[in-house]
Amino acid sequence: MNSFQSRTAGTHGRAEVRKNEDVRRGLRGGLCVVAALLLGACVNSHETRPFTVLPGSMNATVISKGGGTQCSPGGRKARPGDNCTGIRVQAGRCYLFQAQPSADFADSTIKLTNLDGWDFPLLQPLCFLKRSPARAFFTLIGTIDGRHAFRIREGMRWQAPASGELVCYVNDWFFKYGNNLGSIRLQVTACPAHGGGPPKP
């Protein structure tokens, strides 16, 4: 091969390398766009809901990472994500819930503005890894001393099935609480005398 042929082959080789790099960059960019669209589609709602301050209410902050080692639901060891709110409920009484996520409320990079949570069909086979398998990620779950789990929605009424401390957690894989961000402002108010009855969805 003479010098001209060698230079020509080298030029073609570099052009082919640049072309392959452009294709790979294009594929990576396309995959990023698809991933962003899928994650956006996973979030049920971006609606911001009002928070009404009511007199005589009990208030707490639910931290999405969990409340730490000081939480001991019903005298037992806390599970990942548990927040002992200090709010005590009485069996048979009706309560009204108000809840509002903080501005930085997020499951890693997935930001949420309410308690609708998010989910993705491809993750359903792994749902058993969630604290509450049947419920979406980043929904707010309440318990009484770690038992009688129920989902907390903004503005809902709920009748306590037992007496004890309200212990809450943000639903997530039990081993993934470390990348959660933000918190939830929680307000619990006893229903007026005429406001009893079963929970409303």
Side-chain angles (χ1 to χ4, degrees), residues 38-39 41-47 49 58-89 91 95 97-188 198-201:
L38 286 174
L39 286 176
C42 293
V43 179
N44 293 339
S45 168
H46 293 285
E47 177 186 0
R49 303 197 175 107
M58 300 171 281
N59 297 273
T61 299
V62 177
I63 301 169
S64 63
K65 288 180 182 291
T69 56
Q70 295 180 348
C71 183
S72 181
R76 296 183 297 274
K77 182 179 179 181
R79 297 182 65 192
D82 276 345
N83 285 257
C84 292
T85 65
I87 297 173
R88 302 198 67 82
V89 297
Y95 296 92
F97 286 84
Q98 298 281 341
Q100 185 179 57
S102 60
D104 59 343
F105 190 58
D107 188 354
S108 185
T109 59
I110 303 174
K111 291 185 66 65
L112 299 106
T113 58
N114 55 46
L115 301 183
D116 284 354
W118 72 275
D119 230 324
F120 189 40
L122 291 180
L123 296 177
Q124 287 307 306
L126 302 175
C127 67
F128 67 94
L129 295 173
K130 289 190 285 189
R131 282 283 315 263
S132 184
R135 298 180 174 100
F137 290 104
F138 259 55
T139 48
L140 179 60
I141 309 300
T143 71
I144 301 173
D145 289 329
R147 300 173 178 172
H148 308 288
F150 64 101
R151 180 174 173 181
I152 297 175
R153 300 175 186 268
E154 299 98 325
M156 69 171 269
R157 292 177 187 270
W158 169 77
Q159 190 172 16
S163 298
E165 182 180 9
L166 182 66
V167 179
C168 300
Y169 61 89
V170 173
N171 198 31
D172 203 352
W173 281 333
F174 67 88
F175 58 91
K176 290 294 285 182
Y177 280 90
N179 67 357
N180 294 348
L181 300 172
S183 60
I184 298 170
R185 178 187 180 189
L186 180 65
Q187 176 184 264
V188 183
K200 293 185 177 181

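None of these values were measured; they are calculated from a predicted model.
- A heavy-atom distance below 4.5 Å is not found between the side chains of T61 and L186.
- Counting only distance, with no hydrogens or angles, the side chain of E154 and the backbone of L115 share a donor-acceptor pair below 3.5 Å.
- When atom types are taken as modelled, the side chain of T85 and the backbone of V167 share no donor-acceptor pair closer than 3.5 angstrom.
- Put simply, the side chain of P73 reaches to within 4.5 Å of the side chain of C84, judged on heavy atoms.
- N59 meets the side chain to side chain donor-acceptor pair (under 3.5 Å) test with S57; sequence neighbours excluded.
- A donor-acceptor pair is defined here as one N or O able to donate and one able to accept, closer than 3.5 Å; no such pair exists between the side chain of K65 and the backbone of G182.
- Contacts classified as salt bridge (charged side-chain N to carboxylate O under 4.0 Å, His left out) and involving residues 126-135 (residues at least two apart or in different chains) are given here: D82-R131, D119-K130.
- In this structure, W118 and F137 have parallel ring planes: the angle between them is below the 30° cut-off, well short of the 60° mark.
- Residues meeting the side-chain contact (heavy atoms from CB on, under 4.5 Å) test with A91, sequence neighbours left out: S163.
- Looking at residues two or more places apart in sequence or on another chain, you find no side chain to side chain donor-acceptor pair (under 3.5 Å) involving N83.
- Partners of S102 by side chain to side chain donor-acceptor pair (under 3.5 Å), not counting sequence neighbours, listed by chain and number: D104.
- With sequence neighbours excluded, the residues that form a ring pair (Phe, Tyr, Trp, His ring centres under 6.0 Å) with F105 are F138.
- In this structure D145 satisfies the side chain to side chain donor-acceptor pair (under 3.5 Å) test with no other residue, sequence neighbours excluded.
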**Asked** side-chain contact (heavy atoms from CB on, under 4.5 Å) between V188 and W158: does it pass, once the steps are laid out?
**Response** CA-CA 10 Å; V188 183; W158 169 77; over 6 Å; no

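- The stretch residues 174-185 participates, sequence neighbours left out, in these side-chain hydrogen bond (donor to acceptor under 3.5 Å, both in side chains) pairs: D172-N180.
- Under the ring pair (Phe, Tyr, Trp, His ring centres under 6.0 Å) criterion, F128 pairs with no residue, sequence neighbours left out.
- In this structure, the side chains of I152 and F150 come closer than 4.5 Å at one or more pairs of heavy atoms.
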